[in-house]
Amino acid sequence: MRSRHEAWLRPAGVNPEEAAELLLRDLHSSRRGLSSAEARRHLVQYGRNELERRHGRRWPRELARQLTHPLALLLWLAAALLFAVGSHAVAAAVVLIILLNAGFAFVQEVQAERAVEALAQYLPQRAKAVRDGARMEIDAAELVPGDIVVIEEGDRIPADVRLLAGAIEVDMSALTGESVPALRSAAILDVDVPVLQAHDLVFSGTNCTGGEAHGVVFATGMATELGRIAALSQRVKQEPSPLELQVRRVAWLIAAVSVALALAFIPLAVFGAGLSLVQSVIFAAGLLAGMVPEGLLPVITLALAVAVRALAARGALVKRLSAVETLGSTDVICTDKTGTITENRMRPMAAWTAAGPTDLDARDHAWSLPQPAPALQAAARIAASCNNARLQPDAEPTGDPTEVAILLAAQALGADPDADRREAVRRWQFHFDPELKLMSTIDQHGDDLMVHTKGAPEAVLPRCTTLLDENGQPAALDDAARERITAQVDAYATGGLRVLALAQRTLAKERRPPHRRADAEHDLCFVALIALLDPPRPEVAEAVAHCRTAGIRIIVITGDHPLTAAAIARRVGITGPHPRVVTGDDLDRMHEHEVADLVRTEEDVIFARASPETKLHIAEALRDQGHVVAMTGDGVNDAPALHRADIGVAMGRSGTDVAREAATMILTDDNFASIVEAVRDGRRIYDNIRKFIIYIFAHATPEVTPFLVFALTGGAVPLPLTILQLLAFDVGSETLPALALSRENAEPGLMQRPPRPRSEGVIRTPMLLRAWLFLGLLVAALQMAGFFYVLTRSGWHPGDPTGPGTPLHHAYQQATTMTFLGMIAGQIGTAFAVRTQRASLRSIGALSNHYLLAAIAGEVLLVAVFVYTPAFQSLLGTAPLPTSTLLLLLPYPFIVWGADELRRYLIRRHTRPTPEPNHIAGAAR
């Protein structure tokens with residue numbers, strides 16, 4: 001007998017191997033499905049159709065990770081050194097910083113994780129169920145045992161189902177590891193076999209790769225085979241992304257620089273300043289602690305999470321945080337035509353038979369032609385029979401948009417479009433094969449069994465031997481007739497119309513209907529052409545223009561007719577008037593190096609009548625040339641290409657569950673313009689990551705300078721900044737402005753720049769020079785000028801004592817406070833300066849980032865607490881400054897920002913403007 005789940009997991013008394021009628025009885029269901037009231041009762045009884053995620057308590061492990069990454073380990077080392085030499089107060093302050101930063105980073109990680117998980121609500125898995133006698137789409141989590149579900153090609157099977165009618169091919173690899181699709185049919189009943197081998201059962205989490213069937217749900221949620229496996233296993237740990245690896249390298253770079261500077265300070269302090277070894281170690285440990293930018297990692301994570309949420313609001317669901325960064329470097333977009341560039345709202349425009357053309361265009365679909373000719377009657381019957389779409393009164397049609405349009409044409413020509421009556425006479429179906437570009441059904445028509453076929457004209461016509469003439473009689477299909485049909489196809493396609501051919505064959509009555517499509521799809525009689533219009537989306541032309549200026553190449557890969565694809569591509573500006581059009585057959589005859597040469601050298605190239613394998617070959621060729629490729633797809637067979645591309649883009653509306661599972665990004669509106677918006681956001685967030693990295697790195701120079709001045713003068717200049725003040729600077733002023741910088745809007749000209757090369761890292765040498773040797777030095781000079789101004793105004797000369805109990809001690813405290821406040825003021829100027837890389841701050845608005853203004857206001861309030869509250873004065877060694885001295889700080893931010901504004905102006909003035917790239921230039925680097 002079949003292996004079974006535990007009894008408590010499955011509805012009582014239910015055995016999926018029993019006769020179908022008995023199974024339906026045990027589930028309190030029927031072939032017409034459940035009523036809404038019954039479904040609600042079953043939902044209460046059996047629960048939602050969801051897997052329980054038993055992760056356990058993850059927060060201790062995540063928090064421990066924040067306490068042990070490279071930068072945190074440096075702080076622990078500094079704290080241990082301070083404790084060892086007896087500086088317990090400073091050591092305690094370092095430990096407090098470790099805990100505060102770890103807590104902050106942990107909170108940001110959790111928020112980022114929740115941001116990604118929350119995207120599931122935008123695109124819940126759907127299931128087609130029969131409720132109250134009508135077929136409808138429902139949330140798959142609402143499925144219950146007893147529901148009748150419809151399974152079609154491309155669907156992810158939402159529950160464990162016993163098939164009642166039809167046959168499908170199923171990818172069972174999620175459960176069995178077998179990569180070859182398995183046949184599952186209601187007509188094959190098995191007993192005494194393992195449950196996974198039963199031919200009439202299909203299981204949750206597997207994928208339908210072909211055919212159509214319907215069946216009854218007998219297990220949901222944790223009662224399914226997938227639920228049983230989930231209860232016994234843990235999720236696979238995700239590998240770090242390229243951006244995460246780059247960030248780790250940045251962390252180690254910071255660690256290396258910090259350790260090198262700290263170690264270099266010890267001999268300087270001992271031999272230059274005459275400090276004891278213990279004092280030197282204290283200063284070196286404090287310097288090490290102050291230089292570690294703990295906020296870098298959580299700020300990057302949160303910046304990516306914010307970008308993911310923003311993209312989701314605009315219709316692009318990104319499944320991995322790191323994919324946002326990859327989007328920013330995309331330089332080739334390989335896109336479908338139908339539904340992505342076009343509206344995927346097809347309407348029938350014309351039918352053509354041997355008798356001539358017939359106009360079907362109308363503003364609505366409430367029309368039909370009076371007494372169509374015999375050939376048109378046959379065309380209408382084929383269009384209605386070889387179809388799986390449904391027209392519903394007072395509701396939107398359901399099904400593939402192409403099939404909906406063909407069914408509307410059939411209705412206009414007088415055929416009965418009712419789906420139930422169509423299925424009652426259907427005896428077999430050969431589902432649409434993207435390789436063959438054909439679909440066929442075998443249907444009862446009166447006393448005859450008929451093969452009804454529709455597909456691409458170049459696929460249907462070679463299988464035809466006769467032509468239905470204007471009188472409805474088969475006639476010889478000679479070369480002249482074939483040329484006439486081909487010329488009509490080209491005429492429609494040149495006008496941007498999609499063309500399908502219809503054909504038929506009457507089967508011999510005494511023979512069994514063929515169940516192999518090769519035995520059915522031959523010796524056909526050509527009947528008609530149907531021309532459909534799918535207009536381009538109005539916003540696509542503008543999006544294509546943005547791609548041109550951004551140096552992003554667009555390649556159209558479509559299953560449509562070459563002339564139709566070329567007409568649409570020209571209309572939206574993807575190609576010029578004479579593009580190179582390559583068909584799938586042409587590509588099959590090419591060697592790999594010829595394909596590589598083609599995509600490298602041809603500026604305007606379109607791949608028409610392309611198979612899913614064509615997409616995979618093109619993706620591989622482009623990636624081998626170093627391009628960053630975004631590839632769209634919606635079908636089951638598109639999954640390999642979506643996996644292979646850097647950014648696999650699946651359609652949220654028309655795409656299959658399999659394609660959405662394989663993709664990195666899902667378009668909820670199926671719109672090409674959303675891809676371009678996602679690329680723009682990817683560029684923006686990558687720019688912003690670099691901005692706050694410069695901002696964080698720029699603080700290293702003013703933090704190190706006071707210690708170097710003290711050491712190089714041999715102690716003649718007292719330490720301009722105490723260790724605790726340095727720690728307070730890092731805790732109180734760095735992270736919030738950095739987070740605010742991650743919210744910056746895009747700079748002008750963002751989409752006029754060529755794409756960033758794949759090999760380019762997040763940190764570049766010009767960034768370090770700007771941070772350390774320009775902005776950092778400027779802030780360091782200002783803070784030291786303030787220190788010496790306050791100290792010398794009090795009568796200090798080099799070498800004068802300034803320790804506790806000396807006349808100059810209060811002046812020294814005021815001078816260190818001035819250093820501290822000078823760093824803060826300079827940091828505010830740095831924050832405004834790094835908001836743009838080349839453009840003037842005026843071009844984006846000096847006060848346009850409200851998050852930054854709020855962060856600076858909070859920073860100023862915190863600094864006021866540090867300077868003016870007695871507790872912090874005692875702890876940090878700060879002292880209030882007179883108003884006249886505080887006024888000296890007001891120009892500091894403007895000096896820093898103004899100097900960088902001048903630097904950017906000189907760069908813009910002396911850099912030759914880059915000519916506007918065409919849609920190839922940026923991609924052919």
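Remember, it's a predicted structure, so these values are computed and weren't measured experimentally.
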Whether [X] side chain and [Y] backbone form a donor-acceptor pair below 3.5 Å:
{"X": "N49", "Y": "G221", "value": "yes"}
{"X": "K615", "Y": "T632", "value": "yes"}
{"X": "S385", "Y": "R381", "value": "yes"}
{"X": "D336", "Y": "T558", "value": "no"}
{"X": "D147", "Y": "V149", "value": "no"}
{"X": "R422", "Y": "N387", "value": "yes"}
{"X": "R184", "Y": "L201", "value": "yes"}
{"X": "T330", "Y": "L327", "value": "yes"}
{"X": "D646", "Y": "V629", "value": "yes"}
{"X": "R314", "Y": "A678", "value": "no"}

Closest approach of [X] to [Y] (non-hydrogen atoms, all atoms of both residues):
{"X": "A383", "Y": "I406", "value": "CB-CG2, 3.4 Å"}
{"X": "A503", "Y": "I382", "value": "O-CD1, 3.6 Å"}
{"X": "A323", "Y": "T664", "value": "CB-CG2, 3.5 Å"}
{"X": "F430", "Y": "P514", "value": "CZ-O, 3.6 Å"}
{"X": "G211", "Y": "C208", "value": "O-SG, 4.1 Å"}
{"X": "L43", "Y": "A141", "value": "CD1-O, 4.3 Å"}

With a 4.5 Å cut-off on side-chain heavy atoms, are [Y] and [X] touching?
{"X": "Q504", "Y": "L524", "value": "no"}
{"X": "L391", "Y": "L407", "value": "yes"}
{"X": "R390", "Y": "D420", "value": "yes"}
{"X": "Q429", "Y": "E212", "value": "yes"}
{"X": "T441", "Y": "M439", "value": "yes"}
{"X": "L449", "Y": "D443", "value": "no"}
{"X": "M631", "Y": "V649", "value": "no"}
{"X": "L587", "Y": "F607", "value": "yes"}

Between N671 and T340, does a side-chain contact (heavy atoms from CB on, under 4.5 Å) hold up when you go through it step by step?
-> CA-CA 5 Å; N671 194 339; T340 311; over 6 Å; no
Where does the angle between the aromatic ring planes of H515 and W428 fall among parallel (under 30°), tilted (30 to 60°) and perpendicular (over 60°)?
->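 H515 vs W428 ring planes: parallel.
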Tell me, please, which residues at least two apart from P536 pass side-chain contact (heavy atoms from CB on, under 4.5 Å).
->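 Only I568, R571, V572 meet the side-chain contact (heavy atoms from CB on, under 4.5 Å) criterion with P536.
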Give a yes-or-no answer on whether the side chains of [X] and [Y] include a donor-acceptor pair shorter than 3.5 Å.
{"X": "R426", "Y": "N388", "result": "yes"}
{"X": "E521", "Y": "S440", "result": "yes"}
{"X": "D160", "Y": "S204", "result": "no"}
{"X": "T342", "Y": "D534", "result": "yes"}
{"X": "R498", "Y": "T402", "result": "yes"}
{"X": "D132", "Y": "S36", "result": "yes"}

If you measure from [atom1] on [X] to [atom2] on [Y], what distance do you get to the nearest 0.5 Å?
{"X": "L27", "Y": "L34", "atom1": "CG", "atom2": "CG", "result": "8.5 Å"}
{"X": "I647", "Y": "K319", "atom1": "CD1", "atom2": "NZ", "result": "11.5 Å"}
{"X": "L642", "Y": "D638", "atom1": "CG", "atom2": "CG", "result": "5.5 Å"}
{"X": "R156", "Y": "N207", "atom1": "CZ", "atom2": "CG", "result": "4.5 Å"}
{"X": "R345", "Y": "L532", "atom1": "CZ", "atom2": "CG", "result": "15.5 Å"}
{"X": "I333", "Y": "I555", "atom1": "CD1", "atom2": "CD1", "result": "10.5 Å"}

For H643, ring pair (Phe, Tyr, Trp, His ring centres under 6.0 Å) partners two or more places apart |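 Listed in chain order: nothing, the list is empty.
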Among all residues two or more places apart in sequence or in another chain, which pass the ring pair (Phe, Tyr, Trp, His ring centres under 6.0 Å) test with H42?
->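 For H42 the ring pair (Phe, Tyr, Trp, His ring centres under 6.0 Å) partners, ignoring immediate neighbours, are Y46.
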Below 4.0 angstrom, N of the basic side chain to O of the carboxylate: do R135 and E152 qualify?
->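 A salt bridge links R135 with E152.
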Thinking salt bridges, do R126 and E137 make one under a 4.0 Å N-O criterion?
->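 A salt bridge is present here (some side-chain N lies under 4.0 Å from a carboxylate O).
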Step by step, would you call I618 with C334 a side-chain contact (heavy atoms from CB on, under 4.5 Å)?
-> CA-CA 9 Å; I618 294 170; C334 298; 4.2 Å; yes
Are M136 and K128 close enough, and set up right, to give a side-chain contact (heavy atoms from CB on, under 4.5 Å), and what steps lead you there?
-> CA-CA 6 Å; M136 61 184 67; K128 294 178 278 287; over 6 Å; no
Among all residues two or more places apart in sequence or in another chain, which pass the salt bridge (Lys or Arg N to Asp or Glu O under 4.0 Å) test with E458?
->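 Once residues adjacent in sequence are excluded, the partners of E458 under the salt bridge (Lys or Arg N to Asp or Glu O under 4.0 Å) criterion are R609.
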Salt bridge (Lys or Arg N to Asp or Glu O under 4.0 Å) partners for D670, two or more places apart |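 Testing D670 for salt bridge (Lys or Arg N to Asp or Glu O under 4.0 Å), a comparison that skips the adjacent residues, returns none.
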Would D416 and R421 satisfy salt bridge (charged side-chain N to carboxylate O under 4.0 Å, His left out), going step by step from the backbone distance to the final call?
-> CA-CA 8 Å; D416 180 8; R421 287 190 287 273; 2.6 Å; yes
Apply side-chain contact (heavy atoms from CB on, under 4.5 Å) to V499 and H561, showing your working.
-> CA-CA 7 Å; V499 189; H561 191 281; 5.8 Å; no
Qualifying salt bridge (charged side-chain N to carboxylate O under 4.0 Å, His left out) pairs with a residue from residues 29-42, counting only residues at least two apart or across chains |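 Listed once each, the pairs are E21-R31.
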